[in-house]
Amino acid sequence: MTGDSGHAPTPPAVGEGAAVSREEFDALFAAVRTWGRWAAADRGAWNRVTPEHVRRAAALVRSGTVVPMARPWDTAPGPDNSKPALHFMSDLGDVEPPEPATHKDFIAIDYHGKAVSHLDALSHVAYRGQLYDGRAARECVDAGGARFGAVSALGPLVTKGVLLDLPTALGVAWLEPGRAVHAEELVAAEQALGVTVGEGDAVLLRFGGLRRRQERGAWNTGAASAGLHVDVMPLLAERGIALLGGDGDSDVRPSPVDGVHSPVHALAVAAMGVPLLDNLDLEALSAASAETGRYAFLLLVAPLNIPGGTGSPVSPVAVL
C-alpha cells in the first residue's frame, strides 16, 4: 500500500541494535580518535594511501570493466529527496550567431541528504563543537565556507576498494530499514565473500536499499534505514581504512545512541578522519562482483575542487 502521495510510507524499524548511552559513545569516540596523527590533518585518513597502495590497487585490474556508482541527478521530489537537484536549459542555441549553435544548461544541488551520491569532507561533521583533529568548528567554518577540512584539501583518491555486499553474504534480497549491522557480521561477510579489509582501503557497504526502493517504492530513509551499529567502528579503526561509503549513509536509523542522530558520521569523520561516500548505487557493482567472484577492485574517487566546500557531489568508479 502507498500513501496519498503515491510513495510507500516509512516502514517500521526492525531494531537498530543495542542501545548505547552518551557516556559509552563518548568513550568510543575517544578510543577510535586519530587526532594529531598527520601533518596534513585536513586530509585525515587519506594520508594512509601511499603510491604503493595505488600500485597494489592497480594490480587488481583484470578485465578492465569500469563500473560507475553514482545515482542519477534527481530532480524529482519524494520522501527520500526533500531537496531535489536543479537542472534547466540556459541556452537553446538561438541567442548567438549560428554555426555552430550551442546548447547550455544550469545545474545546482544541496547535496548533503539522502538522494545525491556525494563525499563528506572533514569539515562536514563536528561533535561537541569540534571537527576532526580537535579544531573548533566555530573558528573553522562560517558563511564563507570551511578553512579546515575542506573538500579541496582532499583531492582525488585512488586505492583498493572492497565491497562488503551484506545481502549477498546473508542470503537475502536486502536489509530491512532499521536493521543494524554489527562488527561480527562484517567479519562474517569478509569470509563469505573471500575478501579482507586492510590499511588504506575504501570500504563500500551494500545494504540493498536501492533494490528495495525499486521493488517497494520510496520511503523516508532519514527515519528508517539499514546501516552500521557503532560497535563496527573499532574494527574499521583497527583495520586503518581510508574511506567508508555505501548505498545509504552508513548510519542505521533510528540511531541507537541517545542524543546523537548520526553516530557513525561522528565517529568516522570527526574522530577517525575518514571521509564518507553517501548514497551510492552499488547494484551494478554487486552483480559484477558476484559474476567474477571478486569483491576487491581499483577505486577512483574525484570530488570537485571546491575551496571551502564541506563535500562534493561525486561519481566514483570501480575498475575490475
Side-chain angles (χ1 to χ4, degrees), residues 9-34 45 79-80 82 112-114 120 122 124-132 164-167 169-170 172 174-190 197 203-210 212-213 219-239 241 243-280 282:
T10 299
V14 297
E16 62 271 18
V20 176
S21 71
R22 192 66 174 271
E23 292 75 17
E24 291 170 323
F25 181 77
D26 284 348
L28 179 56
F29 189 97
V32 301
R33 187 166 66 187
T34 60
D80 55 353
S82 60
H112 287 299
K114 309 300 181 185
D120 290 341
L122 300 189
H124 176 53
V125 178
Y127 181 65
R128 294 197 180 277
Q130 292 180 301
L131 300 174
Y132 178 69
L164 295 183
D165 193 333
L166 295 160
L170 293 168
V172 297
W174 56 72
L175 274 59
E176 285 293 339
R179 166 70 151 84
V181 175
H182 296 274
E184 62 272 17
E185 293 178 295
L186 283 197
V187 174
E190 286 181 309
V197 173
V203 178
L204 304 182
L205 302 162
R206 178 175 174 264
F207 302 103
L210 279 183
R212 187 186 194 281
R213 188 183 194 276
W219 74 95
N220 180 2
T221 53
S225 60
L228 297 180
H229 191 273
V230 295
D231 67 14
V232 169
M233 301 311 287
L235 171 66
L236 296 180
E238 178 184 340
R239 299 293 184 88
I241 66 170
L243 178 67
L244 178 64
D247 57 5
D249 66 3
S250 297
D251 267 289
V252 65
R253 301 185 188 282
S255 168
V257 182
D258 181 40
V260 183
H261 65 81
S262 300
V264 169
H265 274 62
L267 294 172
V269 179
M272 297 163 57
V274 173
L276 293 175
L277 282 175
D278 291 345
N279 310 322
L280 301 178
L282 298 176

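The first residue in the sequence is number 1, and the count goes up from there.
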Asks: For Asp249 and His265, does a side-chain donor sit closer than 3.5 Å to a side-chain acceptor?
Replies: no
Asks: Taking the cut-offs as 6.0 angstrom to the six-membered ring centre and 45 degrees off its axis, would you call Arg179 and Trp174 a cation-pi pair?
Replies: no
Asks: Would you name the heavy atoms of Leu276 and Ala268 that are closest together and state the gap between them?
Replies: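 Answer, listing the atom of Leu276 first, then Ala268: CD2-CB, 3.9 Å.
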Asks: Would you name the heavy atoms of Ala266 and Phe25 that are closest together and state the gap between them?
Replies: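 Smallest heavy-atom distance, with atoms named: CB-CZ, 3.9 Å.
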Asks: Rounded to the nearest 0.5 Å, how far does CG of Leu210 lie from CG of Leu282?
Replies: 8.0 Å
Asks: Counting only N and O atoms by type, is there a donor-acceptor contact under 3.5 Å from the side chain of Ser255 to the main-chain atoms of Ser262?
Replies: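 No; zero donor-acceptor contacts below 3.5 Å.
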Asks: More than 12 heavy atoms of other residues, nucleotides or ligands under 6.0 Å from NE2 of His112: yes or no?
Replies: yes
Asks: Are the side chain of Tyr127 and the backbone of Val269 linked by a donor-acceptor contact shorter than 3.5 Å?
Replies: no
Asks: Going by the side chain to side chain contact (heavy atoms under 4.5 Å, CB included) test, name the single residue among Ile241, Leu122, Leu236, Val264 that passes it with Val274.
Replies: Ile241
Asks: May I have the step-by-step check of side-chain contact (heavy atoms from CB on, under 4.5 Å) for Asp26 and Arg128, ending in yes or no?
Replies: CA-CA 10 Å; Asp26 284 348; Arg128 294 197 180 277; 2.8 Å; yes
Asks: Apply the test salt bridge (Lys or Arg N to Asp or Glu O under 4.0 Å) to residues Asp258 and Arg22: give CA-CA distance (whole Å), side-chain angles for both, the deciding distance (0.1 Å), then the verdict.
Replies: CA-CA 6 Å; Asp258 181 40; Arg22 192 66 174 271; over 6 Å; no
Asks: Would you find a donor on one side and an acceptor on the other, under 3.5 Å apart, between the side chain of His182 and the backbone of Glu184?
Replies: no
Asks: Can you measure from CG (Leu164) to CZ (Arg206) and round to the nearest 0.5 angstrom?
Replies: 12.5 Å
Asks: How close do Glu24 and Ala19 get, heavy atom to heavy atom, and via which atoms?
Replies: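 Glu24 and Ala19 have their closest heavy atoms at OE1-O, 4.2 Å.
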Asks: Any donor-acceptor pair under 3.5 Å linking the side chain of Asp231 with the backbone of Ala183?
Replies: yes
Asks: With a 4.5 Å cut-off on side-chain heavy atoms, are Val252 and Val181 touching?
Replies: no
Asks: Are any non-hydrogen side-chain atoms of Leu170 and Leu175 less than 4.5 angstrom apart?
Replies: yes
Asks: Please check if the side chain of Arg253 supplies one atom and the backbone of His261 the other of a donor-acceptor pair under 3.5 Å.
Replies: yes
Asks: Give me the atom names and distance for the closest heavy-atom approach of Trp219 to Gly209.
Replies: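 Taking every non-hydrogen atom into account, CH2-O, 3.8 Å.
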Asks: Roughly how far, to the nearest 0.5 Å, is CG of Leu228 from CG of Leu244?
Replies: 6.0 Å
Asks: Atom CG in Asn279, atom CG in Asp80: separation rounded to 0.5 Å?
Replies: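 Result: 9.0 Å between the selected atoms.
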Asks: Can you confirm whether Leu28 sits close enough to Pro234 that some side-chain heavy atom of one is under 4.5 Å from a side-chain heavy atom of the other?
Replies: yes
Asks: Calculate, to the nearest 0.5 Å, the distance between atoms OG and CG belonging to Ser225 and Asp251 respectively.
Replies: 7.5 Å
Asks: Test Leu204 against every option in Leu277, Asp247, Asp165 by the side chain to side chain contact (heavy atoms under 4.5 Å, CB included) rule and name the one that passes.
Replies: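 It is Leu277; the other options fail the test.
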Asks: List the atom of Gly208, the atom of Pro167, and the distance in Å for their closest heavy-atom pair.
Replies: N-CG, 4.1 Å
Asks: Taking C-beta and beyond as the side chain, do Arg213 and Thr221 meet within less than 4.5 Å on heavy atoms?
Replies: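 Not touching, per the 4.5 Å side-chain cut-off.
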Asks: To check you understand the geometry: which heavy-atom pair defines the closest contact between Ala18 and Pro256, and what is its length?
Replies: O-CB, 3.6 Å
Asks: Go through Val125 and Tyr132 one step at a time and tell me if the side-chain contact (heavy atoms from CB on, under 4.5 Å) criterion holds.
Replies: CA-CA 8 Å; Val125 178; Tyr132 178 69; over 6 Å; no
